[in-house]
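As structure tokens, the structure follows; a few thoughts come after it.
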Amino acid sequence: GDSADVVLQVVSLDPETVTAQPEVGTGQCSFSGSTCTVNSDCPLGEACTGATGCELTVVDWQASFQVLPKNAVAITSPFNDVVLNNVEVQYNWQIPGPAIATQTIGLNAVTVPVNGQASVSFPPISAAALQNDPAVEGNTADLLLRFNGTTVEGSGVDVLAQGQLNVESCPASP
């Protein structure tokens, strides 16, 4: 009666790790004051002291979906095709991390045909959310994802999935 004639299912979810690389700024050699980026740029016995940090890079996740009919009437395309609107992501850090509110990420209105499949790419977290708290480096978040869509005829559909967001630790800078 009041729900869609189709079911949206997640076929696969491919989580990617947030990568970490040291950022090396321009520094100065400890005694001579020469400009350097690594210790080997300085005279023997001196160290390069400069601004270093960690650059975290978000890699998009891939998700594949299928739409299955609930009844014989639901096999009609395009009326029962599902347009993917967004994914709502909730974060639960394994080691206490930043308090990140549920994020809603657009899915570019990708259409999943009834009795067919389609894939989307999306960032599981914003780069800004990662940069705001050093507690994310080397941490893992359990994610609850709600993918929201609408059939072409106008009924709302959604599906839940879970994933883990792993964030690398920065290796020691040179």
Please tabulate, for side-chain N and O atoms in residues 136-143, each donor-acceptor pair with protein atoms closer than 3.5 Å (sequence neighbours left out).
from	atom 1	to	atom 2	distance (Å)
E137	OE2	C170	N	2.8
N139	OD1	I95	N	3.3
N139	ND2	I95	O	2.8
N139	ND2	A135	O	3.1
T140	OG1	N166	OD1	2.9
D142	OD1	Q94	NE2	3.1
D142	OD1	Q164	NE2	2.9

For residues 105-124, which side-chain N or O atoms pair as donor and acceptor with protein atoms under 3.5 Å away, sequence neighbours left out?
from	atom 1	to	atom 2	distance (Å)
Q117	NE2	Q66	OE1	3.4
S119	OG	S64	OG	2.9
S121	OG	Q62	OE1	2.8
S121	OG	Q62	NE2	2.8

Taking every non-hydrogen atom, the tightest pair across I125 and A129 | CG1-CB, 3.9 Å
Looking at residues at least two apart in the chain, or sitting in another chain, which of them share a salt bridge (Lys or Arg N to Asp or Glu O under 4.0 Å) with D5?
-> none
Start with the C-alpha distance between T57 and V18, add both sets of side-chain angles, then the distance that settles side-chain contact (heavy atoms from CB on, under 4.5 Å), and finish with yes or no.
-> CA-CA 6 Å; T57 303; V18 173; 5.7 Å; no
Around E153, counting heavy atoms of other residues, nucleotides and ligands shown, do more than 12 lie under 6.0 Å from its CD?
-> yes
Taking all non-hydrogen atoms of both residues into account, name the closest pair between C29 and P43 and its distance.
-> SG-CD, 4.0 Å
Can you name the closest pair of heavy atoms from A4 and G156 and give their distance?
-> CB-O, 4.3 Å
Value rounded to 0.5 Å, distance of CD in E168 from CD in Q21 = 7.5 Å
Counting distance only, does the side-chain N/O of T76 pair as donor-acceptor with the main-chain N or O of F79 below 3.5 Å?
-> no
Does F147 reach the side chain of V157, with side-chain heavy atoms less than 4.5 Å apart?
-> no
Polar side chain donor-acceptor pair, N86 to N148, under 3.5 angstrom = yes
Would D81 and T151 count as a side chain to side chain donor-acceptor pair (under 3.5 Å) if you check the C-alpha gap in whole Å, the side-chain angles of each, and the deciding distance to 0.1 Å?
-> CA-CA 5 Å; D81 294 350; T151 63; over 6 Å; no
Would you sort out whether K70 and V7 count as a side-chain contact (heavy atoms from CB on, under 4.5 Å), showing the intermediate values?
-> CA-CA 7 Å; K70 289 182 184 176; V7 175; 3.7 Å; yes
Flag side-chain contact, heavy atom, 4.5 Å: V82 against V6 = yes
Do the non-hydrogen side-chain atoms of L130 and V58 ever get within less than 4.5 Å of each other?
-> yes
Positive for side chain to side chain contact (heavy atoms under 4.5 Å, CB included) with T150, one of N85, D158, L84 | N85
To the nearest 0.5 Å, tell me how far L160 CG sits from L144 CG.
-> 5.5 Å
Any sub-3.5 Å donor-acceptor pair from E46's side-chain atoms to F31's backbone N or O?
-> yes
So do S34 and Q28 actually touch side chain to side chain, heavy atoms under 4.5 Å?
-> no
Side chains of W93 and I100: does their closest heavy-atom pair fall under 4.5 Å?
-> yes
Does the side chain of L145 come within less than 4.5 Å of L13's, by heavy atoms?
-> yes
For the side chain of Q9 and the backbone of F65, is there at least one donor-acceptor N/O pair under 3.5 Å apart?
-> no
Can you find a pair of side-chain heavy atoms, one from V87 and one from T104, that are under 4.5 Å apart?
-> no
In Å and rounded to the nearest 0.5 Å, what is the CD to OG1 distance from E55 to T19?
-> 8.0 Å
